[in-house]
Amino acid sequence: MSTVAAETIREEADVIAFDLWDTLLDREATLVPALDALLDDHDSDYDPEILLRRYLAMHFRDSMIDSLIPGPHTPFKEISRRALAYRLDQIGLDVPDEEVRAVIRQWKTLQPYPDVDAALDRLSDEYTLVGLSNGDPDMLEAVRPNFETELDGVVSVADAGAYKPHRASYDLTCEVFDVAPHEVVFATAHTFDLVGAKAVGMRGAFLNRHENPYGGWPQRPDIVVEATEALADVLTE
């Protein structure tokens, strides 16, 4: 990104809207041990990291379906329960529903990556910091205290009625914080929701924690960094 582009973003942006799961909050550190314990309880030697990836892929697919079909918004926790139950059944495990739900509850305990809190502290001096997440409202409220720097607000897609990258949650963020799309920097570790943010006119920061290619989408990130501290370097004077 050019120096001029960085200066323009710093001059125009008032809000940084962060994806939470896997962008600021470390899913693997909590969910892999939870799945490992579940598998061990059922005498399975299935790899918990592979199970997590397959469960998350199923969750993502089902959340996109939910946003496309008629009917009410299905909560994140229910989408997630169904997805994990399906993957466990697929590998031949008969796991009681309460044990599946116990894993899903672990989403409320996720902790920030080590680089997050110091970066949020720096960014909070110049921007309104928002969590814009596919999680349910109670999930977002549960993880807010896990940050040392308090988020100024959270927006759940449940209030918009559709999962990212549907435009509803981006529009709702602008409405709630009284800003135009170009005054928001959406920061995420995922291509899919950054494409959605760019498509509605937001600035986009790709926080590439896992060294994955962004992909060939025409909606390109304005900023590409590998850690939250690097994002603070770009967005603060």
Side-chain angles (χ1 to χ4, degrees), residues 15-41 47-57 59-60 63 75-81 83-84 99-125 127-158 163-164 169 185-190 192-194 205-212 225-233 235-236:
V15 172
I16 305 178
F18 287 96
D19 170 62
L20 294 183
W21 315 138
D22 203 39
T23 297
L24 296 186
L25 296 166
D26 187 348
R27 289 185 305 202
E28 289 191 6
T30 293
L31 296 180
V32 168
L35 292 173
D36 190 32
L38 178 68
L39 291 166
D40 187 60
D41 286 344
D47 188 326
E49 294 185 6
I50 293 175
L51 177 58
L52 177 63
R53 289 197 295 271
R54 298 185 70 216
Y55 149 48
L56 292 175
H59 177 117
F60 180 77
S63 65
F76 181 100
K77 292 187 292 295
E78 175 60 14
I79 293 276
S80 213
R81 184 196 66 79
L84 180 54
E99 293 183 36
V100 176
R101 291 178 185 274
V103 174
I104 305 310
R105 286 194 291 272
Q106 293 299 307
W107 284 84
K108 290 186 173 184
T109 72
L110 300 189
Q111 297 296 316
Y113 286 100
D115 65 295
V116 166
D117 282 313
L120 294 186
D121 183 55
R122 292 170 59 195
L123 291 165
S124 66
D125 290 335
Y127 301 93
T128 298
L129 303 183
V130 178
L132 170 53
S133 175
N134 278 348
D136 300 331
D138 64 306
M139 299 174 72
L140 306 191
E141 291 302 327
V143 297
R144 285 181 73 173
N146 297 348
F147 297 102
E148 292 178 6
T149 298
E150 186 174 355
L151 297 175
D152 295 296
V154 290
V155 175
S156 168
V157 300
Y163 288 97
K164 295 178 292 178
S169 63
V185 178
F186 180 69
T188 180
H190 310 287
F192 80 93
D193 53 359
L194 196 146
F206 184 45
L207 207 163
N208 191 6
R209 291 194 177 280
H210 307 298
E211 299 182 351
N212 289 319
V225 292
E226 293 182 358
T228 326
E229 282 281 16
L231 181 65
D233 291 339
L235 291 179
T236 58

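Reckoned from all heavy atoms, side chains included, excluding hydrogens, waters and symmetry mates. Nothing fancy with the numbering, it's 1 onward along the sequence.
Note: Arg105 CZ to Lys77 NZ = 11.0 Å, rounded to the nearest 0.5 Å. The CG atom of Leu35 sits 12.5 Å away from atom CZ of Arg54, with the distance rounded to the nearest 0.5 Å.
The side chain to side chain contact (heavy atoms under 4.5 Å, CB included) with Leu24 is formed by just one residue from the set Leu20, Asp26, Asp22; it is Leu20.
Side-chain contact between Asn146 and Leu110: absent, with no pair of heavy atoms (C-beta onward) separated by less than 4.5 Å. Using a 4.5 Å cut-off on side-chain heavy atoms (C-beta onward), Leu140 and Asp136 make no contact.
Using a 30° and 60° split on the angle between ring planes, Phe76 and Trp21 fall in the tilted class, from 30° to 60°. Using cut-offs of 30° and 60° on the angle between ring planes, the pair His59 and Tyr55 is perpendicular.
Between Arg209 and Asp115 there is a salt bridge, since a side-chain N of the basic residue sits under 4.0 Å from a carboxylate O of the acidic one.
Residue Glu148 qualifies as open at atom CD: its count of foreign heavy atoms under 6.0 Å is 12 or below. Under a cut-off of 6.0 angstrom, the local environment of CD in Glu226 is sparse, with at most 12 non-hydrogen atoms contributed by other residues, nucleotides or ligands. Other residues, nucleotides and ligands contribute only 12 or fewer heavy atoms inside 6.0 Å of the CD atom of Glu150.
Checked by atom type, the side-chain pair Asp152/Thr128 shows no donor-acceptor distance below 3.5 Å.
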Side chain to side chain contact (heavy atoms under 4.5 Å, CB included) evaluation trace for Asp117 with Phe147: CA-CA 6 Å; Asp117 282 313; Phe147 297 102; 3.9 Å; yes
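The ring of Phe192 has its center closer than 6.0 angstrom to the ring center of Phe60.
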